[in-house]
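In what follows, chains are A, B, ... by sequence order, proteins preceding strands, each numbered from 1.
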Amino acid sequence: MTLSDEELDALATDFIRTAVAEDTKSGRFDRRVRTRFPPEPNGYLHIGHAKALNIDAGIARDFGGKFNLRFDDTNPVKEEEEYVDGIVNDVRWLGWDFGNEIFFASDYFEQMVVWAEQLIEQGDAYVDDLSPQEIREYRGTLVEPGENSPYRDRSVGENLDLFRRMRAGEFPEEACVLRAKIDMASPNLNMRDPVMYRILHQSHHRQGDQWCIYPMYDWAHGLEDSIERVTHSLCDLGYRDHRPLYDWFLDRLGIYHPQQIEFARLFMTYTVLSKRKLLQLVEGEHVQGWDDPRMPTLTGMRRRGYPPEAINAFCDRIGVSTANSVVDVALLEHAVREQLNEHAQRVMGVLDPVKVVIDSYPEDQVEWMEVDNHPQRPGLGKRTVPFSREIYIEREDFMEDPPRKYYRLAPGKEVRLMNAYLVQYKTIVKDEEGNIVEIHCTHDPNSRGGEAPDGRRVRGTLHWVSAAHALDAEVRLYDRLFIKENPEEAAEGETFLNNLNSNSLEVQQGCKLEPSVAEAQPGDCLQFMRVGYFAVDPDSTAEQLLFNRTIQLRDTWAKIQSQAQTPRKKG
RNA sequence: UGGGGCGUGGCCAAGUGGUAAGGCAACGGACUUUGAAUCCGUGUAUCGCACGUUCGAAUCGUGCCGCCCCAGCCA
């Protein structure tokens, strides 16, 4: 697929795409586009990675190019197979096409050594015997230049011999390293003779014990990109200062040279996105694992019920720039609601049930009401829902002494039971503690389906579930994990862990769901009308239904009420 | 005090010399068998600040201020 210059111009929607379009038009890379996503398999992917993926893979897709999924597995001490599988799974879930070929940096180790020897022969690299501590001291500081290592001027022959012996396993860890010979006085610390290889007597998750020297990121990354003929190597702003080094290695080697371009990482309100902190949440058991629905990990969001389309739509909307910014989590939630509103089937479920007895309704009668699966999308079909004399409604849908503008059930009021009947309040029954046990109503038999026979206006419409047919379920209600917009903002001596929301998980037992819900499969996300979206948990069974609240519906009534309690200040 | 990057309404973000897109949020209203969705409407944005160049600057120049990143044998 070859794009015309006009088509390329149309794709130049942000600074990276503009650069890619220009390079393609100029023929710099033979009008070819190839990107890559290079995670290190040392943790699970999170929403920030979804942004990177959206840029990397999205550009390849839009420019008719190719996209490589490549594991940057150059550090055996931190990496595990478990993470490889998890990451592949997440990338697939988001829907990105990586051609079903998975690349591994470790597959290039042999070629990297050949190139390292080339650099040694050119006098561009040397084996340094300084200890880690000494290397740090020789490096200088931000404002002082570094000093040359006393081993910097070894002969090519000696360097080659030493490097080969490093590889052969003759030295213990930390005995020596291979370094690039650049400039110890460079104002860019990355250029002060960076380490290329360190000795690690560790077995690698894919290479086993074949290696005892492992390449450092700066040395390895450009080579990986070069081998894969990547055209544009996109990474986060943190690597901006590394680009001169990326270019230096490729130039010295005289090999195919991709273009590195950096963009800002994603930050979001009420969430933390650093691997270290996410790991702390898991290991400190502040959440129940990487896939806890409160986690910003892709596996967590999947369990929560967030559709992958929503995550990608979110990434499309936040844009790409080089400014550090904090995106409002409400934007993500908006994308989730938008997707779910369009696609989620509607059902009725009562989270906090209170029984309603319709005195006027025949005792043993059951009517199966025909109901739309999605009122705005008739194409999604219909189902039947049983109605009977005793039903459950939401406890908060009845008030003995309601405030103004409350148009749910209350003394003297008539409401509509969605798709069933109009009912009128009669009386209530309380237990000794004063809790409402039953609400008694009468129905208008001429209102079957919920239509008022005389056209009278009935404002309130409630969801309900027939008591005799109700399915019991446990529903987990999730709220944001942190109470502060910026979780890092902690008092003296405190950390982000002090900003954890102690009410981020509320388990609700004894919820009552309409029987059709039994057919839902793990992962399915349904709208419980008037309440929110709920996803079937992977642990859910026919005996114990388990739902995770994905997200609430917008709740204008709740907003009105909270405003009534705390009036907004007027200036 | 070194180097790199960034500063456009509450939050993102277009715009690259011709007189400030769009989305989210917020706030009104219409409609409504989801107080949802949908629809309509609402913002005097000192374009970080100050000088300067120009007929004209968010866009160019100079100076200043603020924020972020870099001193791993991590990526």
Side-chain angles (χ1 to χ4, degrees), chain A residues 13-14 38-40 42 72-75 77-79 128 130-132 135-137 139-146 173-179 186-192 194-200 213-214 216-218 220-221 235-244 262 264 269 275 314 316-335 337-338 341-342 346 348 371-372 375-376 405-408 415-420 422 447 449-452 458-463 485 527-532 552-560 568:
Chain A
T13 51
D14 59 57
E40 183 186 15
N42 68 345
D72 209 358
D73 54 349
T74 56
N75 185 357
V77 323
K78 297 167 71 177
E79 298 154 6
D128 194 349
L130 253 26
S131 69
I135 285 184
R136 197 176 318 130
E137 288 163 6
R139 186 153 32 227
T141 68
L142 293 176
V143 293
E144 296 165 280
E173 292 186 8
E174 302 193 346
C176 52
V177 291
L178 183 71
R179 292 231 252 171
S186 172
N188 180 347
L189 304 229
N190 299 122
M191 300 298 273
R192 320 247 259 226
V195 172
M196 295 164 63
Y197 279 99
R198 76 283 214 188
I199 297 170
L200 253 25
I213 56 170
Y214 290 91
M216 297 288 289
Y217 169 87
D218 285 308
H221 207 83
C235 57
D236 78 64
L237 251 27
Y239 295 99
R240 181 62 244 258
D241 293 342
H242 294 247
R243 192 163 80 206
E262 314 83 16
T269 55
K275 273 188 190 172
F314 165 74
D316 285 338
R317 285 183 205 216
I318 57 177
V320 189
S321 77
T322 51
N324 287 324
S325 55
V326 184
V327 175
D328 192 339
V329 71
L331 185 55
L332 208 213
E333 294 171 345
H334 167 78
R337 286 200 186 94
E338 188 176 53
N341 174 51
E342 173 96 14
R346 267 111 245 236
M348 289 193 285
V371 176
D372 287 330
Q376 282 76 42
K405 288 203 200 160
Y406 182 87
Y407 45 83
R408 276 112 102 142
V415 296
R416 169 168 33 243
L417 294 176
M418 199 179 275
N419 292 113
L422 262 27
S447 66
E451 209 87 53
V458 177
R459 195 72 203 272
T461 301
L462 311 186
H463 58 282
E485 193 168 299
Q527 186 194 96
F528 291 1
M529 293 189 99
R530 303 210 310 132
V531 182
Q552 286 170 277
L553 249 28
R554 280 215 172 72
D555 192 346
T556 306
W557 173 242
K559 193 185 287 181
I560 291 170
R568 295 184 66 209

Base, sugar-phosphate, or nothing: which does [X] touch, judged by heavy atoms less than 4.0 Å apart?
{"X": "A/L553", "result": "base"}
{"X": "A/R136", "result": "sugar-phosphate"}
{"X": "A/K559", "result": "sugar-phosphate"}

Between the base of [N] and the side chain of [X], is there a donor and acceptor pair under 3.5 angstrom?
{"X": "A/Q376", "N": "B/U38", "result": "no"}
{"X": "A/R317", "N": "B/G22", "result": "no"}
{"X": "A/R530", "N": "B/U33", "result": "no"}

Could you go through residues 552-560 of chain A and list every donor-acceptor pair under 3.5 Å that involves a side-chain atom there, pairing it with any protein atom two or more places apart or in another chain?
{"residue": "A/D555", "atom": "OD1", "partner": "A/W557", "partner atom": "N", "Å": "3.3"}
{"residue": "A/D555", "atom": "OD1", "partner": "A/A558", "partner atom": "N", "Å": "3.0"}
{"residue": "A/W557", "atom": "NE1", "partner": "A/Q561", "partner atom": "OE1", "Å": "3.3"}

Partner set under side chain to side chain donor-acceptor pair (under 3.5 Å) for [X], not counting sequence neighbours:
{"X": "A/S325", "value": "none"}
{"X": "A/E333", "value": "A/R480"}
{"X": "A/D72", "value": "A/H221"}

Starting at [atom1] of [X] and ending at [atom2] of [N], how long is that distance when rounded to a whole Å?
{"X": "A/L331", "N": "B/C11", "atom1": "CG", "atom2": "P", "value": "14 Å"}
{"X": "A/N190", "N": "B/C73", "atom1": "CG", "atom2": "P", "value": "11 Å"}
{"X": "A/D14", "N": "B/C12", "atom1": "CG", "atom2": "P", "value": "18 Å"}

message = For the base of B/A75 and the side-chain ring of A/Y217, does the geometry meet a stacking cutoff of under 5.5 Å between centres and under 30° between planes?
response = no
query = If you measure from NE2 on A/H463 to OG1 on A/T461, what distance do you get to the nearest 0.5 Å?
reply = 12.0 Å
message = For RNA chain B, report each stem as range with range, ordered by first number, or say none. Use Watson-Crick or G-U wobble pairs under 3.5 Å, at least 3 in a row.
response = B:2-7 with B:65-70, B:10-12 with B:22-24, B:26-30 with B:38-42, B:48-52 with B:60-64
Which atoms of nucleotides 64-69 of chain B (N or O only) lie under 3.5 Å from a protein N or O atom, and what are those distances?
{"residue": "B/C68", "atom": "O2'", "partner": "A/N324", "partner atom": "ND2", "Å": "3.1"}

